[in-house]
Amino acid sequence: MLMLVALCETAARQVAAAPSDGLVKSPDGKMCVTVGEKGGIPYYTVTYEGMTVIDESALGLETNVYDAVSGLAVGDVKYDRVVKDYTMAQAKASQIHYEANQMDVLFKKGGEACMTVTFLVSDNDVAFRYSMSRKKDNNPKCAVVKSERTSFRLPEGTTTFLCPQIGPMTGWERTKPSYEEEYKADVPMAEKSQFGLGYTFPCLFRLGNDGWVLLSETGVSSAYCGCRLSDYIPGKGYTIAYPEEGEWNGIGSAMPAIPLPGATPWRTITFGKTLKPIVETTIPYDVVDPLYEATQPFRPGRYTWSWLIWQDNSINYDDQVQFIDLASAMGFEYCLVDNWWDQNIGRERIAELSRYAQSKGVRLMLWYNSNGYWNDAPQTPRDCMSTSYARDREMRWLQSIGAAGIKVDFFGSDKQETMRLYEDILADANRYGLQVVFHGCTIPRGWERMYPNYVASEAALASENLFFTQHHCDKEGFELTMHPFSRNAVGTLDWGGIIMNRRMSRDNNSRFYRRSSDVFEMATGIVLQTAVNCVAMQPNNLSELPQFELDFLRSLPTTWEETRFVDGYPTRYAVIARRHADKWYVGGINGTDKALTLTLDLPMLAGKTVEYYTDRPAKPLENAVPESEKRTLKVDKKGKAKVTIQPMGGIIIVE
């Protein structure tokens, strides 16, 4: 169960004696935010040790009640201090301490208060949001937000690591956007996005040799829509963009509505001179609170999944028994039964399959189509998650057969209507003791803390694409060394598989081939974070893999007390250390075609002899991959360890 212990300490409130610009610094004094207005237009800046992180950038909301965009004057500026201690069960750290200085800047128009901008500034993070009150006559009591004028002007020379937004009702069976486009690395800001619609959150930027910036948002519930960044506009930077009108089959407004008084979600800015603050940030959770309590403790773990390689033909009773037996043999907690199970197996036999799984110490998770009316995806079960009465009936049945959770697919929109469906599914599932994974979906925005039965989202070009094309097998290293610094930095990622088959086929001897080594794949279980992780083994792997690989996968944790960035560069390589209980695990992956020799700084392992999984150099043959080995490694007294990660290879260090 997600446990919460929160302490808010309020320092003596300070109110500016006269209207003036506001300035607030982080607790360590290095991060500084200034807010004011010029010519009636509100703005903010962010600096770190005097260096510009966000140059003078616009603030403001245009609504049907207030035009809080121009003609504004700064009113009261108030200050606070916020301290929180809380626990998490399904994020990158279990015990989180948050300290920030808060500034509330009131803007007036025509002498009347119309908008407050709240900034929370911690040592490496800035979070800000807008709130609006009612007019003096107490009406209206709600507002439609037509546009948000927030912009982000990054310094000249900044390069980008971004994923483009695609147009609505496009792609396979009109299921897009689903956050599954390809990243580009080290691209100038002026280069236009692939589809002309800007970029999906999170967005990573390199400020030359001065550091890194990650932009995102958090706290999005049914009370608002999900947003993204526009294309770069010279002189203006990037702006907040709302969903496209055509999303969700045109149903629902692209403009969010809020009650008055009410507030928007938080915009977040994380800055680091290195990538360490980016990888380790907890800002998505720091500024939100749980929306309800868990009805029961939700269990982390690992799951098997037939569909990744055996595909639709495997959704039958006998094949699923094989994957349940595989999960049981490996000590895994779950088995995911994918689409068409209601037709190919049937509900009575699924109940029987669930009883069989439980007899083997395994519980089922079942796939569902989110539809509805919002795309053409034909997979069933359909129409089970789209209405409250259908969910109630379905989830009561799932509880009765002992299912552990659901995977719900094909959302394709960030409209407020879609956010309401995500929330409704989660809240209803909690009532019946079910965990939830989302696919074909948007990124989570603080959901691990807001919804205690939320597990993870896909929201990335995930593992199934390796089955479909050799191109994505070739790009696996590029993608998986991107996610720790962007997508996975802001929320749990169900990438969908530590893939142990060499070939993307049932016989493991045909079709597309994996470029990565076995140790690369195993290391992704550490490098990428999710509390319920897919170990996409196949039954044949039990007899094909070396015993030390099987033993590692059997013991692989999925929850972490602490996460530390060790080394890396987006789309090239990543080395991440995570602590489970009192034991450290270090995972490293090389996404390039060249061997990489590194001297790792591991102070927590100083002077220790540790287990070391690595790769032997590959033979100079076509499609050859490194062979794995396990040995020991001595970390010196200063915590230094020299390692070589083979091309598309990996390393694992276990205390």
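Remember, predicted model here, so these are calculated numbers, not experimental data.
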Atom pair OG (Ser178) and CD (Glu458), whose distance is rounded to the nearest 0.5 Å = 7.0 Å
Could you tell me whether the side chains of Ser517 and Asp615 share a donor-acceptor contact shorter than 3.5 Å?
-> yes
So, does Tyr285 use its side chain to make a donor-acceptor pair with the main chain of Glu448 at under 3.5 Å?
-> no
If every non-hydrogen atom of Thr481 is compared with every non-hydrogen atom of Ala574, which pair is closest and at what distance?
-> CG2-N, 4.1 Å
Ile41 vs Val69 side-chain heavy atoms within contact, under 4.5 Å | no
Is there a side-chain contact between Ile498 and Asn533, using heavy atoms and a 4.5 Å cut-off?
-> yes
Ignoring hydrogens and angles, tell me if any N or O in the side chain of Thr160 forms a donor-acceptor pair with the backbone of Leu162 under 3.5 Å.
-> no
Might you confirm whether atom NZ of Lys25 has over 12 heavy atoms from other residues, nucleotides or ligands at distances under 6.0 Å?
-> no
Output yes when a side-chain donor or acceptor of Arg228 lies under 3.5 Å from a complementary backbone atom of Leu197, and no otherwise.
-> yes
What one should report as the nearest heavy-atom pair of Ala460 and Leu493 is CB-CD1, 3.9 Å
Measure the acute angle between the ring planes of Tyr48 and Phe271, then classify it against the limits of 30° and 60° as parallel, tilted or perpendicular.
-> tilted
Show the numbers, then the answer: is there a salt bridge (Lys or Arg N to Asp or Glu O under 4.0 Å) between Lys475 and Glu479?
-> CA-CA 6 Å; Lys475 292 277 286 185; Glu479 293 289 339; 5.2 Å; no
What orientation do Tyr454 and Trp447 show, parallel under 30°, tilted 30 to 60°, or perpendicular over 60°?
-> perpendicular
Heavy-atom pair with the smallest gap, counting every atom of Ser628 and Val519 = CB-CG2, 3.4 Å
Answer yes or no: are there more than 12 heavy-atom neighbours, outside Lys192 itself, under 6.0 Å from its atom NZ?
-> yes
Yes or no on side chain to side chain contact (heavy atoms under 4.5 Å, CB included) for Asn124 and Thr281, after CA distance, side-chain angles and deciding distance?
-> CA-CA 8 Å; Asn124 288 96; Thr281 183; over 6 Å; no
Under 30°, 30 to 60°, or over 60°: which ring-plane class applies to Phe152 and Phe128, parallel, tilted or perpendicular?
-> tilted
Could you go through the side chain to side chain contact (heavy atoms under 4.5 Å, CB included) check for Val610 and Trp584 one step at a time?
-> CA-CA 10 Å; Val610 294; Trp584 281 97; over 6 Å; no
Indicate the atoms forming the closest heavy-atom contact of Ala523 with Ile651, along with that distance.
-> CB-O, 3.6 Å
For Ala595 and Pro647, which heavy atoms make the closest approach, and how far apart are they?
-> N-CG, 3.5 Å
Can a donor-acceptor pair be found between the side chains of Glu99 and His97 at a distance below 3.5 Å?
-> yes
Carboxylate-amine/guanidinium contact Arg572 Asp186, below 4.0 Å | yes
Distance-only side-chain donor-acceptor flag, Thr442 / Arg445, under 3.5 Å | yes
Taking the side chain as every heavy atom from C-beta outward, state whether Arg267 and Ile240 have any atom pair closer than 4.5 Å.
-> yes
Determine, stepwise, if the pair Lys78 / Asp104 fulfils salt bridge (Lys or Arg N to Asp or Glu O under 4.0 Å).
-> CA-CA 5 Å; Lys78 300 180 180 181; Asp104 296 296; over 6 Å; no
Ile269 and Val213: side chain to side chain contact (heavy atoms under 4.5 Å, CB included), yes or no, with the steps?
-> CA-CA 7 Å; Ile269 304 166; Val213 172; 4.1 Å; yes
When you check the side-chain N and O atoms of Ser516 and Glu521, is any donor under 3.5 Å from an acceptor?
-> yes
Only one of Trp266, Tyr98, Tyr86 passes side-chain hydrogen bond (donor to acceptor under 3.5 Å, both in side chains) with Asp286; say which it is.
-> Tyr86
Working for side chain to side chain donor-acceptor pair (under 3.5 Å), residues Ser147 and Arg149 = CA-CA 6 Å; Ser147 67; Arg149 299 301 174 89; 3.3 Å; yes
Counting distance only, does the side-chain N/O of Lys92 pair as donor-acceptor with the main-chain N or O of Val279 below 3.5 Å?
-> yes
How about Phe107 and Tyr130: are their ring centroids closer than 6.0 Å?
-> no
Using side chain to side chain contact (heavy atoms under 4.5 Å, CB included) as the criterion, point out the one residue from Arg579, Gln529, Gln90 that pairs with Trp560.
-> Gln529
Inter-residue atom distance Arg129.CZ - Thr218.OG1, 0.5 Å rounding = 11.0 Å
Between the main-chain N or O of Lys594 and the side-chain N or O of Asn590, is there a donor-acceptor pair closer than 3.5 Å?
-> yes
In this structure, CD1 of Ile278 is separated from CZ of Phe485 (nearest 0.5 Å) by 10.0 Å
Between Tyr43 and Asp55, does any side-chain donor sit less than 3.5 Å from a side-chain acceptor?
-> no
When Tyr238, Tyr199, Phe205 are each screened for ring-ring contact (aromatic ring centres under 6.0 Å, His included) with Tyr232, the one that passes is Tyr238
For residues Tyr573 and Asp567, is any side-chain donor paired with an opposing acceptor at under 3.5 Å?
-> yes
Under the 3.5 angstrom rule, does the side chain of Arg578 hit a backbone N or O of Thr558 as a donor-acceptor pair?
-> no
Quick one: are the ring centres of Phe161 and Trp212 less than 6.0 Å apart?
-> yes
Any side-chain donor paired with an acceptor under 3.5 Å for His580 and Glu655?
-> no
Minimum heavy-atom distance Thr492-Ala456, with the two atoms named | OG1-CA, 3.3 Å
For the pair Arg153 (side chain) and Ile54 (backbone), establish whether a donor and an acceptor sit closer than 3.5 Å, ignoring hydrogens and angles.
-> no
Is it true that the side chains of Ser230 and Thr239 contain a donor and an acceptor less than 3.5 Å apart?
-> yes
Between Thr270 and Asp125: side-chain donor-acceptor atoms closer than 3.5 Å | yes
Just checking, any donor-acceptor pair under 3.5 angstrom between side chains of Thr644 and Thr597?
-> yes
Judged by atom type as modelled, is there a donor-acceptor pair below 3.5 Å linking the side chain of Ser26 to the main-chain atoms of Lys30?
-> yes
CG (Asp474) and CE (Met648) are apart, to the nearest 0.5 Å, by 8.5 Å
Under the 3.5 angstrom rule, does the side chain of Ser555 hit a backbone N or O of Phe552 as a donor-acceptor pair?
-> yes
Between Val527 and Leu480, does a side chain to side chain contact (heavy atoms under 4.5 Å, CB included) hold up when you go through it step by step?
-> CA-CA 9 Å; Val527 173; Leu480 294 194; over 6 Å; no
Would you find a donor on one side and an acceptor on the other, under 3.5 Å apart, between the side chain of Ser463 and the backbone of Gly496?
-> yes
Would Tyr224 and Tyr242 count as having a side-chain donor-acceptor pair, cut-off 3.5 Å?
-> yes
Go through the steps for Thr52 and Thr47 under the test side chain to side chain donor-acceptor pair (under 3.5 Å), then give the verdict.
-> CA-CA 5 Å; Thr52 297; Thr47 62; over 6 Å; no
Going from CG on Asp414 to CD1 on Ile443, what distance comes out if it is rounded to the nearest 0.5 angstrom?
-> 8.0 Å
